[in-house]
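Proteins get letters first, then strands, A, B, ... in listed order; numbering begins at 1 in each.
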Number of protein chains: 2
Amino acid sequence: MRSPRRPPPPPAKIADVARLAGVSVATVSRALATPDVVSEATRERVLAAVREIGYTPNIAARNLRARKSMMVLVVVPDISNSFFADVLRGIDEALVAENYGLIIANLGQRPEQEARYVNLALAGQVDGVLLLCGHILTGGGRKLTDAPVPIVAACEIIPGADFPQVEVDNRAAARAAVEHLIGLGHRRIAYLSGPRANILDRARAQGYADALAAVGPADPAWIIEGDFSFHAGTKAAQALAALPAGSRPTALFAASDEMAIGFIKTARGLGLAVPADISVIGFDGIDYADFCEPTLATVYQPRRILGAAAADLLIGLMTGRDKPHAQIKRVETQLWARASAGPLVIREG
Amino acid sequence: MRSPRRPPPPPAKIADVARLAGVSVATVSRALATPDVVSEATRERVLAAVREIGYTPNIAARNLRARKSMMVLVVVPDISNSFFADVLRGIDEALVAENYGLIIANLGQRPEQEARYVNLALAGQVDGVLLLCGHILTGGGRKLTDAPVPIVAACEIIPGADFPQVEVDNRAAARAAVEHLIGLGHRRIAYLSGPRANILDRARAQGYADALAAVGPADPAWIIEGDFSFHAGTKAAQALAALPAGSRPTALFAASDEMAIGFIKTARGLGLAVPADISVIGFDGIDYADFCEPTLATVYQPRRILGAAAADLLIGLMTGRDKPHAQIKRVETQLWARASAGPLVIREG
DNA sequence: ATGAAAGCGCTAACAC
DNA sequence: GTGTTAGCGCTTTCAT
């Protein structure tokens, strides 16, 4: 008894097309890859044959032969983080325009996964690697930098790396944010930090210090340790609300919008007015900063552009247009003045 | 003059390992793929040789020979949408656990890109496809379903598809949301819709109608057309605030949290209290629903679980464990009662 | 338990 | 402009 449903025919190969078109496999290959080098008539016949049997080139074979994959490995710490989601979009747009595909390495909280992706690169399965994770992958006793493919890092800079990197100028952007508060008359300005070991936080903290130093040493830094999370904002608000009005900062620079929003929501719940009692400025420029109440002043990071810039750098290396060398490219941030940061209000004591 | 920096040596191949270990390439292959079939001593020698020259198998060659890629194509409408970012995380977790990699197809607003991804599947570059985009890809005159690889769809169901699909039960979930409002005493309940052609909106609208019908025909549907966006919520609030209190709905079911939040923010700005003047419940369960003021009642969609469920179904098909057949798997939603939905307040008229 | 050898499907010299 | 052919690096019979 025969199987009721015949197994699907094996996919057509280049030889099948060649036979049908009455030409050699080389001619088929040329007609597809470099059409202008075959005669018009032949080309037509080949393309007709391709259509007729529904031929699609086997990419594994092509990769093997051509020693390239037209794929880029993008390493993200957490794909569900909306910051990276936006960066990925910029990367995708740039890469797709040059016909590269995207393989995602989502690290999550699984450092043991790194080996897998190191191998991918080592094995030549990708033509380039984009590192958004702030460190060089290692695993199985080997480093990603041993792989024979170009690397570009973005978002979190890797100090000392000898390949191109892209970031926003966190220090200058933070300074601009604090200067905005200073311009509004504030002098007692607190900084709600990220994790203190984090490289982004260190740069933003420096920018905060820069701005304060510029108006004189009389106004010491006032750092509240946070971790970028909404909850850290909540805790900071509770701490500050407990202080008497006179000894409270009049403004707060938060290292992330999420903390700023947590701070504002909680502070208002505890009876502090924003910006009347305390002005707040965040960092990131998330969509929600414009939706909350009051709207959140913040520093916008152009996430898509950041991703696209990194991808463009990588494309330059992959195509051989550029030579790899250590460099740090900076993309511009924007200061978004909004309702949560207002002029200093002098209260009668 | 010699180049100061020698070109990197070509990556080691299996023959190099074989030579160093004093065995045949076949033995090396076996020592790596099926270690238990070679003698202990040989295996040791091979592995030592592998380490010594830093050998990594060429995956393109393996794929060509083995006719599989251990890669899955995941098609998303918009990678920067945080809904899909979460679903992707669930997919990644399930896939990585089975040693599959992820190739991302981000459609964006570029339907012309579809052909590229159809070809990827047709060419056997991936072992399976996960469709999160609500339709079957086409391009270059061919359909994705022509490809010899299993397909699973998720999020937006594709009617009539003959492969497995995963979704939340939008109709039942919407009904539960509206029943929550009804349980709080509300009867004049409006529905702020998504795009009316959208399949998700159609299901949620039905759930809304179901719930209303259950309490009697005396309470007609009241549908405000939206599009899932914050701005649509804003417009709806303006429209309702313009109405006299007595002829306004006392509760609103929004088809997305973003609309619900836009609605609440605007309504409050216009002097309407939430929930006292109007109760609001959303749909999605985004993080921000818990951060806004008041906290947003909503229907939580388990995005990660949805992704993982779809990936598991696909893994079953790819490994041949299951046979493909039309089926719709539903994952459970959760009703999150929160401050924005409160008991009906009877005002003296 | 191990080796020899035949391809997987394609591209790129090299010939004509 | 077109055909012939030699691999790309690996897995997997089939022998031994």
Side-chain angles (χ1 to χ4, degrees), chain A residues 9-47 49-50 53-70 119-127 147-148, chain B residues 9-47 49-50 53-70 119-127 147-148:
Chain A
K13 35 216 263 191
I14 201 168
D16 301 327
V17 178
R19 196 172 319 116
L20 183 58
V23 297
S24 73
V25 293
T27 299
V28 175
S29 177
R30 284 191 280 253
L32 263 24
T34 51
D36 30 307
V37 86
V38 299
S39 76
E40 165 99 35
T42 313
R43 192 186 332 141
E44 302 281 272
R45 249 178 327 131
V46 169
L47 295 181
V50 164
I53 62 181
Y55 166 74
T56 312
N58 177 310
I59 303 190
R62 171 181 298 171
N63 289 351
L64 177 59
R65 182 61 229 228
R67 295 153 169 292
K68 63 194 177 81
S69 64
M70 296 307 285
N119 273 333
L120 219 60
L122 250 21
Q125 168 101 310
V126 295
D127 293 344
Chain B
K13 34 215 265 194
I14 200 168
D16 300 327
V17 178
R19 198 172 318 115
L20 183 59
V23 297
S24 73
V25 295
T27 300
V28 175
S29 178
R30 283 190 280 252
L32 262 24
T34 50
D36 32 306
V37 86
V38 299
S39 77
E40 165 100 34
T42 313
R43 191 186 334 140
E44 300 282 90
R45 244 171 338 125
V46 169
L47 294 181
V50 164
I53 60 181
Y55 166 73
T56 312
N58 177 311
I59 303 190
R62 171 180 297 172
N63 290 351
L64 177 59
R65 187 54 229 230
R67 298 153 168 291
K68 63 194 178 83
S69 65
M70 296 307 285
N119 272 334
L120 218 61
L122 250 21
Q125 167 101 310
V126 295
D127 293 343

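Closest approach of L64(B) and A61(A) over heavy atoms only: CD1-CB, 3.6 Å. Taking all atoms of both residues into account, the shortest heavy-atom contact from Y55(B) to I14(B) is CE1-N, 3.5 Å. When all heavy atoms of R30(A) and V37(A) are compared, the closest pair comes out as CD-CG1, 3.8 Å.
Toward the 5' end of DNA chain C, the nearer of the two residues L64(B) and S24(B), judged by each one's closest nucleotide, is S24(B). The residue among D36(B) and R67(B) whose nearest nucleotide of DNA chain C is located toward the 5' end is D36(B).
Stem list for DNA chain C (at least 3 consecutive Watson-Crick or G-U pairs, distances under 3.5 Å): C:1-16 with D:1-16.
Counting only heavy atoms from C-beta outward, the side chains of V46(B) and V38(B) never approach each other to under 4.5 Å. Two residues are said to be in side-chain contact when any heavy atoms from C-beta on lie closer than 4.5 Å; V50(B) and L32(B) meet this criterion. When side chains are defined from C-beta on, L122(B) counts as touching N119(B), because their heavy atoms get closer than 4.5 Å. Residues T56(A) and P11(A) have side chains not in contact (no heavy-atom distance under 4.5 Å, counting atoms from C-beta outward).
Atom CD1 of I14(A) and atom P of dT5(D) are 17 Å apart (whole Å). The interatomic distance linking N63(B) (CG) with dC8(D) (P) rounds to 18 Å, in whole Å. Atom-to-atom, NZ of K68(A) to P of dG9(D) comes out at 16 Å; the value is rounded to the nearest Å. In this structure, CG of L122(A) is placed 13 Å from P of dC10(D), rounded to the nearest angstrom. Look at CZ on R19(B): it is 19 Å from P on dT2(C), rounded to the nearest Å. What separates CG of L32(A) from P of dT11(C) is a distance of 8 Å, to the nearest Å. One interatomic measurement links the two molecules: CZ of R45(A) to C1' of dT2(D), which rounds to 11 Å at whole-angstrom precision.
At the phosphate of dT11(C), OP1 or OP2 sits under 4.0 Å from a side-chain N or O atom of R62(A). Distances shown here put every side-chain N or O of T42(A) at or beyond 4.0 Å from the OP1 or OP2 atom of dG1(D).
S69(B) places no side-chain N or O within donor-acceptor distance of the main-chain N or O of N63(B), the cut-off being under 3.5 Å.
The pair D16(A)-R19(A) meets the salt-bridge criterion, since a charged nitrogen lies less than 4.0 angstrom from a carboxylate oxygen.
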Below 3.5 Å between N/O atoms, which protein atoms pair up with nucleotides 12-16 of chain D? Just atom names and distances, please.
{"from": "dT12(D)", "atom 1": "O4'", "to": "R65(B)", "atom 2": "NH2", "distance (Å)": "3.4"}

